[in-house]
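Naming: A, B, ... by sequence-line order, numbering from 1 per chain. This structure is a prediction, so every number in the text was calculated from the model and none was measured.
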Amino acid sequence: MSANAAVRVRFAPSPTGQLHVGNARTALFNWLFARQTGGTMVLRIEDTDVERSEARFEDQLIADLKWLGLDWDEGPDIGGPYTPYRQSDRLDLYREHAQRLLDEGKAYLCFCTEAELQKEREQALSEQRQAIYSGKCRMIDPGEASRRQAAREAAAIRLRIPEHPIRFHDIVRGPVEFSNEVVSDPIILRSNGMPVYNYVVVIDDALMKITHVIRGDDHLSNTPKQVALYEALGWPVPEFAHLSTILGADRERLSKRHGATSIANFRDMGVLPEALMNYLALLGWAPSGGTREIFSREELIKEFSLERLTPSPAVFDMEKLYWLNRHYIKQRPVADLYQQALSFFVRAGLLSPPGESGQGASVMLPAGFREWFLKVLELRLPAVDRLDQLPERASLIFNYDANAALADPDNAEVLNWPHTDAVISRFTFKILENESARAGQLTPEEFRAIVNHVKAETGTKGKELFHPMRLMITGSHSGPDFDKLIPILEEGSRLQLPRHVLSVFERVQAFAKARTK
RNA sequence: GGCGCUAUCGUCUAGGGGUUAGGACGGAAGAUUCUCAAUCUUCAAACCCGGGUUCGAUUCCCGGUAGCGCUACCA
C-alpha cells in the first residue's frame, strides 16, 4: 500500500442543482479509495458555467455529502494547500497556462466564428464524416495571429492535438486508444476569455496533484483531449477510472422523470444514509467472492477496490434499496429514529394539525409521550420500507372510523360470517362493562380474559373469533398483535395528544353505535 | 452519421476454457400466526446472436445486433 501513500482524489461537482445519486456514487467511490489508501480527498466546485451555477446549490451539495457520511480533507469550505477550490476563483491560473501553451506553440489562436464552425459541422455531418474542427487556423502565422488579436479580432485558443493516436489507461476498462483523426483541436479558452471544462479540469487536477481521476464514464470520450493537454503541459497523466452509468428501470439514463434521484429526495423519504451508501456501493462494484451485500462504512472502506469496479451500466433498483433500508431501520435503536419519525407524523398532521404549530418546529407534547411514541415506532417500524410511510402504517392508532369500517368491502366477508354477530355483541358487552376499559386502562391480560370469555360463550375460535374483534378495534381484520396494540391504544388515549387516540372502550362503543344505526 | 464503452436470471452481481453457472433483491410456494408485518424453508429464473481458436467455449478473438455515452466557444 506504500505505493499508494500519496493518493489524491477529488470529487468535482457543478453546483447546478441537487446532488444526484450518480454523482453521489462517484463521490462515494472517490472517498472510499481515499480513506482506504490513507490518501487525500479533495472537494472542488466546478462553476465555470456561470449561467447555471448557483451558490445555494454549493451549500446544499456540501450538506448532502455530509448527510451521506462523506467528508473531505481539502475543499472550498475548509481550504487546503491548493486553494482556491472553486473554479471561478482560479481564472488567472487558467489564462496563465493557456498563454504558456500559446507561447510554446502547443496551442494557437482560432479566429473562426461560431457561424463558420457551425457550417463546417453541418457540412461534415451531411458527408457522413466525423464532425471535427478542420484546423484551418492551425496554419496562421503566429505573428499575424498576434496582430489580428491586437486588432481586437475575437479569438479563442485551441490546443494542437498531436499527430499520433492517444492512449491512456483506465483502471475499469484497461487500455483505451483514440485515433488522433477523431479528436478535434479543442478550444481551451473561449474568445470571451473564459476557459472550457476540458481544459480547466486538467489544470486543476494537475495543479492539485490528483493521482486518480475517478468519474462517470460520460467523460471517457473527453479523456483523449485531456491526456493531450497533460502532455502539452508537460505534466504527468493521472490514472483514470471511469464509472459505469446508472440507468433507470427503462434502461435510460437515470433522470428526474424516474422519480426520486437526488440525495435530498431520499433523505426526505426517510431512507437512512447508511442504507443509501451501502446500496450505491453495490451499484457497479462487488466484493471479492461476490456474495456479501451488507456493508458498514468501515467495511466498505476495508473491502473496496477500484479493480473490482464493473464496467457495464447498472439499473437503479428501488426495491433493493428499500430492502437495505429495512435492514438498517431494524439495526438502529428506535430511539435513534425518534426525531426523524416524529417529524413525519407532524407533517402528516397526526401529532399536531398542519399549519397550526408550524412545520414540525416546536410541537408541545405531553409528558410520557416519548415512551409511548417509541412503542408506536417499535410496532410499526418493521412494516415500512422508508420512514415516510410510518404515519400511514400507524393510522390504525390515530384514526378510527367505525362507519367506514362497516362500509368497507374488504370487511364484508367477515361481517357476514355466521358467528360474527354473536362475537360482536358478546365482545361489546364485555368491554363496555369492564372497569379498566372504561378508564382506558385495559391491560393485555384483561383483554385476553375477555377474548377467552367471548370464545367460550360463542364457541368460536381462530379467525371467526379474532377478525370481528380486530375489525371493531382497528377498522380492519388484519393488523399487529393485540398484546402490543392494546397498551398503545390505552396509553395513547390517556395522553393529552393534539389528536385524541381512542381507547379500546371508545372504539368498541363507537362501533356498536355505528352498527345499530 | 463518426468514434468510444458495454453485454451472465426481470434487476444488482460472482465466476471463468471442462462448474449441478454461485449469491442478493424482487417473484412463487410452504412453515409460523387469528390476520398483516417480521422471520425461517423451498422453488422458478440467466451466459445477446453468428463465425473463428480449441479436444472442448458462457469464458479468448473477430463480426453483427442492441443499449448507453461523446461528437459545443456545456459541465
All N/O pairs under 3.5 Å across the protein-nucleotides 21-24 of chain B interface:
{"residue": "B/rG22", "atom": "N2", "partner": "A/G290", "partner atom": "O", "Å": "3.3"}
{"residue": "B/rG23", "atom": "O2'", "partner": "A/T291", "partner atom": "O", "Å": "3.2"}
{"residue": "B/rG23", "atom": "N2", "partner": "A/E293", "partner atom": "OE2", "Å": "3.0"}
{"residue": "B/rA24", "atom": "O4'", "partner": "A/E293", "partner atom": "OE2", "Å": "3.1"}
{"residue": "B/rA24", "atom": "N3", "partner": "A/K320", "partner atom": "NZ", "Å": "3.2"}

Check whether any side-chain N or O of A/R251 sits under 4.0 Å from OP1 or OP2 of B/rC12, and answer yes or no. yes
Does B/rG69 have its OP1 or OP2 closer than 4.0 Å to a side-chain nitrogen or oxygen of A/T245? no
A/K106 atom NZ, neighbour heavy-atom count above 12 within 6.0 Å: yes
Would one find more than 12 heavy atoms of other residues, nucleotides or ligands at under 6.0 Å from atom CD of A/E116? yes
For the side chain of A/Q87, starting at C-beta, report the closest nucleotide among B/rU13, B/rC36, B/rA75. B/rA75
Face-on cation placement of A/R448 at A/F482 ring, 6.0 Å and 45° thresholds: no
With the criterion being N/O to N/O and under 3.5 Å, what pairs connect the protein with nucleotides 70-73 of chain B, and how long is each?
{"residue": "B/rU71", "atom": "O2'", "partner": "A/A131", "partner atom": "O", "Å": "3.4"}
{"residue": "B/rA72", "atom": "OP2", "partner": "A/A131", "partner atom": "O", "Å": "3.4"}
{"residue": "B/rC73", "atom": "O3'", "partner": "A/R190", "partner atom": "NE", "Å": "3.3"}
{"residue": "B/rC73", "atom": "O2", "partner": "A/S191", "partner atom": "N", "Å": "2.9"}
{"residue": "B/rC73", "atom": "O2", "partner": "A/S191", "partner atom": "OG", "Å": "3.0"}
{"residue": "B/rC73", "atom": "N3", "partner": "A/S191", "partner atom": "OG", "Å": "2.8"}
{"residue": "B/rC73", "atom": "N4", "partner": "A/C112", "partner atom": "O", "Å": "2.8"}

Within the 3.5 Å criterion, strictly below it, is a donor on A/T16 or A/S14 matched to an acceptor on the partner's side chain? no
For the residue pair A/H467 / A/N411, report whether a side-chain donor-acceptor contact shorter than 3.5 Å exists. no
Value in whole Å for how far the C1' atom of B/rC12 lies from CG of A/L276: 15 Å
Between B/rG69 atom C1' and A/F178 atom CZ, what is the distance in whole Å? 10 Å
A/N180 versus A/P162, closest heavy-atom pair with distance: CB-O, 3.3 Å
Short heteroatom pairs, N/O only, protein and nucleotides 38-40 of chain B, under 3.5 Å:
{"residue": "B/rA38", "atom": "O3'", "partner": "A/K330", "partner atom": "NZ", "Å": "3.3"}
{"residue": "B/rU39", "atom": "OP1", "partner": "A/K330", "partner atom": "NZ", "Å": "3.4"}

First of A/S478 and A/R173 reached from the 5' end of RNA chain B, by closest nucleotide: A/R173
Step by step, work out the side-chain hydrogen bond (donor to acceptor under 3.5 Å, both in side chains) result for A/D47 and A/Q87. CA-CA 6 Å; A/D47 58 351; A/Q87 289 183 332; over 6 Å; no
Can you tabulate the close N/O pairs, meaning under 3.5 Å, that link protein atoms to atoms of nucleotides 41-46 of chain B?
none

Which atom pairs link the protein and nucleotides 47-49 of chain B when you take only N or O atoms and keep those under 3.5 Å?
none

Apply side chain to side chain contact (heavy atoms under 4.5 Å, CB included) to A/D481 and list each qualifying residue two or more places apart in sequence or on a separate chain. none
